[in-house]
Amino acid sequence: SCHSCELKGGIGAKPLGSRGRDGGFQVVTFKWAHVQDPYVIALWILVASLAKIGFHLSHKVTSVVPESALLIVLGLVLGGIVWAADHIASFTLTPTVFFFYLLPPIVLDAGYFMPNRLFFGNLGTILLYAVVGTVWNAATTGLSLYGVFLSGLMGDLQIGLLDFLLFGSLIAAVDPVAVLAVFEEVHVNEVLFIIVFGESLLNDAVTVVLYNVFESFVALGGDNVTGVDCVKGIVSFFVVSLGGTLVGVVFAFLLSLVTRFTKHVRIIEPGFVFIISYLSYLTSEMLSLSAILAITFCGICCQKYVKANISEQSATTVRYTMKMLASSAETIIFMFLGISAVNPFIWTWNTAFVLLTLVFISVYRAIGVVLQTWLLNRYRMVQLEPIDQVVLSYGGLRGAVAFALVVLLDGDKVKEKNLFVSTTIIVVFFTVIFQGLTIKPLVQWLKVKRSEHREPRLNEKLHGRAFDHILSAIEDISGQIGHNYLRDKWSHFDRKFLSRVLMRRSAQKSRDRILNVFHELNLKDAISYVAEGERRGSLAFIRSPSTDNVVNVDFTPRSSTVEASVSYLLRENVSAVCLDMQSLEQRRRSIRDAEDMVTHHTLQQYLYKPRQEEGENVRRWYKHLYSRHELTPTEDEKQDREIFHRTMRKRLESFKSTKLGLNQNKKAAKMYKRERAQKRRNSSIPNGKLPMESPAQNFTIKEKDLELSDTEEPPNYDEEMSGGIEFLASVTKDTASDSPAGIDNPVFSPDEALDRSLLARLPPWLSPGEMVVPSQRARTQIPYSPGTFRRLMPFRLSSKSVDSFLQADGPEERPPAALPESTHM
Amino acid sequence: MGAAHSASEEVRELEGKTGFSSDQIEQLHRRFKQLSGDQPTIRKENFNNVPDLELNPIRSKIVRAFFDNRNLRKGPSGLADEINFEDFLTIMSYFRPIDTTMDEEQVELSRKEKLRFLFHMYDSDSDGRITLEEYRNVVEELLSGNPHIEKESARSIADGAMMEAASVCMGQMEPDQVYEGITFEDFLKIWQGIDIETKMHVRFLNMETMALCH
C-alpha cells in the first residue's frame, strides 16, 4: 500500500523533470513525467503480484477466502488510500483496458486449455444455458425490475422499460473471469465445471447482442423501435455468434498452418500463438462480432495442431506464458474492480433497486437452471442431479464484463447510468465475495461429486479408445447418427485431411493420444524416480559400486557431457523437470531408451513368463538364483522393489515411444549403413570387451539404435538391429532358434557361472513361437539377488551405458568365481 | 389381425427382456431387416453392408461380439453362425443407458455386464483371461487406424498396459511371480473408480423420452 502513497507523491512532483534546463547540462535529471504512465502500470502490477504473494503466506486464509475476493478487498483498501491522498479516482478499470488487454489473455487461456472432448460432449447443454439461459436472465430481471419500478417502490427514476432491459442484459451474463477464479478453487466434477465455464464463455455473444440492441434502442428512444429492429436484433445474434466463431476458426487454421513452418525459428514460435489469437480477437471486435467467441474458438481449434507442431520447449513456454498472462490479468481485474468502487461520484444508492436486483438475478438464475435442466435431462445421458442444479445456479457469478459494459454506457442517453454502475458493482462484489466464499462449504455440504485428479493410466486410455470404437460401431450398426457417430466421422476427417494440412509430417506420425499418455507417464516417472533418489538423501547409491570394473567404461558421448557425472545429471534433471523436462532430452534420450530395452526384457522375464511354460521348472530356477544370496527383504528393500516395479512399469511404457523416435526416420536410415558396418566390426570382435575398446563409438551406436528402434522393430531384434542394442540386450533371435543350448552369439558369451545345464532349463519360454523372450544378458546378469534390482533401477538414470551397469552390478553380489571375466568366452 | 396381435405380444416380451421401449424395438427391427436383407437372421457377412463400419479399426472384434455365445446367452464359449432379432437386441441392450429408476445394486450389475462385454471382446479364446498375447492383439488393432504407429509400438504399449494391470491387480509382485493375464476380477479392479456412464452408452434415438412427451 505504500507504493500508492509514493505514487501519489510522485505524480504531485511532476515538474521536477523540467528542472534541468537552466543549470546547463545535468548529469542526472529526474523525468517522472517521461515515464509516468508505464511506471504507474508496472507499479500496479507489482502491487497486485506482491499482494498475491501476501495472500498465500497464510494458507488458512486462501483456503477459505477465494483469491478474487481478497483482491477486491485489497483494491478497496488501496482505492481508499489513493482517494485519501488526492481525492481523484485516477485509477479505474476502464473498458478499453479491460476489453483490449485484460480479457483476451484470460479467454485465450480458457480456450487453449479447454478439454475439447468434454466441451464438445456437453456442447448442447452449454449452448442452451448460454443462449436461452442468458436471454431468460436478462428478460426476467429487466422486466421484473420494471414491474417493481411501476409499482413505485423505487421512487422516482428517469428510466424506461428499455433501460431496464439494457441493465438486465448486461447483468444477466455469467462472467468467465469470476467463474474461473472461483471454480478453480472449488474442484467440482468436470462435467459441472465445463457447463458453468462453457456457459460463461459462450454467453458472450448473447450479452454483446442484447447489450448492443438495447443500447441502440435506448438511443433511438422507445417509441421509435419497430418490429424490423427486433428482427434485426435476432438476426444480429446469429451473425455475431456464428461470425465470431468463424473468425476464431479461420485464425486457428492460420495459426496451425503457420506453426507448421516454424521449425527454424523456434525462438519466436510461441509468439505466433499469442499474436494470431490476439488478432482473431481484434478482428472480430473490428467486425463487431463476438470477440470472446472468436478467441475462445481460436484456442479450442488450434490447440491440437499447435501442440503437435511446436517444439516441446515452445509448448512449455506457451503454457507458462499463457498461464502467467491470464493469472496476472485476473489479478489486476479484481484489484481494479475494488479500486474502481472507491469513487463517490459514481455512487447512487437506491435500496430497492439494488436489493431487488440481487434477489432477481439469484432467483431467476435458479428458476432458469431448473427449467432448462428439466428439459436437458430428457436428452442427456448423464443426468444433472438436483445437487448439480444448485451448484449451477449458485455458480452464476457476475464479474468484470458486466462492470466494463456498464461503464461503457453513455451517460447522456442512459440517465440513470450511475445507479446502474453502483448496482453492478454491488452485484459483482456480492457474487464474487459472498457466493465465492460460500460456494466451497456449500459444495462440501451438498457432497457434490468432486473432480479427482488421477494419474492417467494406460489401461484406461486403451479401454476408452476401445469403447469409442465400439460405440461408434454400435451407432453405425443400429443406423443412428449420434454423438459417437459424429465424433468418429470427425476424427476420421481430421486424420485424413486437416492433420495432413496443419501438422508437420513428423508430428502427424507421433500424434496419438495413447502415445502421448505413454510419453507423459514416462516423463513423470523419470521425475518421481529422481525425486526418490533425492529423498533418500544420497545419490551415491546410484553410482556403480565398482566403477573400476574392467567392463565399466565411462562412455562419454560428447565432450560437453564430461561433467555428466551421475549426480550432476540428476541434479540438473530435478531442477529442470519443473519447467522444462526436455532440456536434457538429447542427453537422456539415448540413456532412457537403452534402459527401456533392458527394462523391457527384465520385466518380461519376471512378470510375463508366458503361461505355456512349464512354470514350475523355471520358477524353481529363479528361486534358486534368488536364494543364492538370500537377503531377507527388509522394509527398505521391499520399498525398493516396489519402486522398482513401478518405475519399470512406467518406463516400459516409454519404451520407444514414437514421440521420441519417429521423426528420426531419415537420420536413422542414414545411420543404418554405419551400423551395419559397425555390426560387422562388432561381430568380428570375439568377446564382450568391445565397449572397453571403443567406448565412445559404442555409445554413439546405441544412441542411433534407439532412434532406429522406434522405426524398426526392436522387440524382434532382427538381424538388422545391430551394434549397441544387439550387444546390449538382444540375442533373442539366436537363442530362440538355438535354444535350449542357445548361447552362441559371439558377442554374448554365456556366463560360465550359470552353467549351461541351467540355461538349458530355460527353454520353453525361449522357444521360437514365444513372444516373450528375454535377452540373454538379462537372463544371465540380472537375477542375482534382489539387491541387484535395487541398484539396477537407480543406475539406469546414470549416463553410463546400460551395459556397463549390468555388468558392474554383478560382481558385488556374486561370489568371486562369477566375476565378469566369465562373460567372455 | 392375429399375426399383428402376436407381433405386439412379441414386442412386449422383448421389451421385458431387453429393456428397450417398443418404439426403439420397432426402430431396431427395421434396421435389422435392412441389414439382414429381410431374412430372419443375420450372418457375419451382413455386417459388410454397413459402410461406416469399414473405417472401424476393431470392426472384426465388434462384429464377432455379436455372435459370441458368451454375450448372447451367457453360455459357454463359441460363436453362433447367425443371430436372430432377439439376439441382436440382446447385444444392443448392453449399450442402453442406465435407467434412472435403477437402484444402486442394479446399476452395479449393469456396469458389470457392460464391462463383461468388453472383457469378452478382449478374451478371444474365452478362457477367462486376457493374456498378453490377446492384449497385444487388441491394442494392435486399436491403433491400426493410425498408419504411423507401427505394430511394435502398439505391442510395447500393450506390454506397458499389461504391466500396469499387473501392478494394479497383484500389487507388489515377487520377482518369481508370474502374472498370467487379466481375469475378469482384475478387469473390474482396473475399472474401479472410472465412470463408464458416458463411455459405454448409446442413446437409442430418444424414443423413450419422446414417448414420455406425448
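Below, each value reflects all heavy atoms present in this structure, side chains not excepted, and no hydrogens, waters or symmetry copies. Proteins come first, then strands; the chains are lettered A, B, ... in the order of their sequence lines, and each starts at number 1.
Residue A:His492 touches chain B through its side chain alone, counting heavy-atom pairs closer than 4.5 Å.
Across every non-hydrogen atom of B:Phe187 and B:Leu115, the tightest pair is CE2-O, 3.5 Å. Residues B:Met92 and B:Phe66 come closest through the heavy atom pair CE-CZ, 4.2 Å. Residues A:Ala473 and B:Asn56 share a closest heavy-atom pair of CB-ND2, 3.4 Å.
A:Asn377 places no side-chain N or O within 3.5 Å of a backbone atom of A:Trp374 that could act as its donor or acceptor partner.
Interface with chain A: from residues 31-41 of chain B, residues B:Arg31, B:Leu35 qualify, criterion being any non-hydrogen pair under 4.5 Å.
Between B:Tyr94 and B:Phe117, the angle of the ring planes lies from 30° to 60°, which puts this pair in the tilted group.
For B:Phe184, the ring pair (Phe, Tyr, Trp, His ring centres under 6.0 Å) partners are B:Phe119, not counting sequence neighbours.
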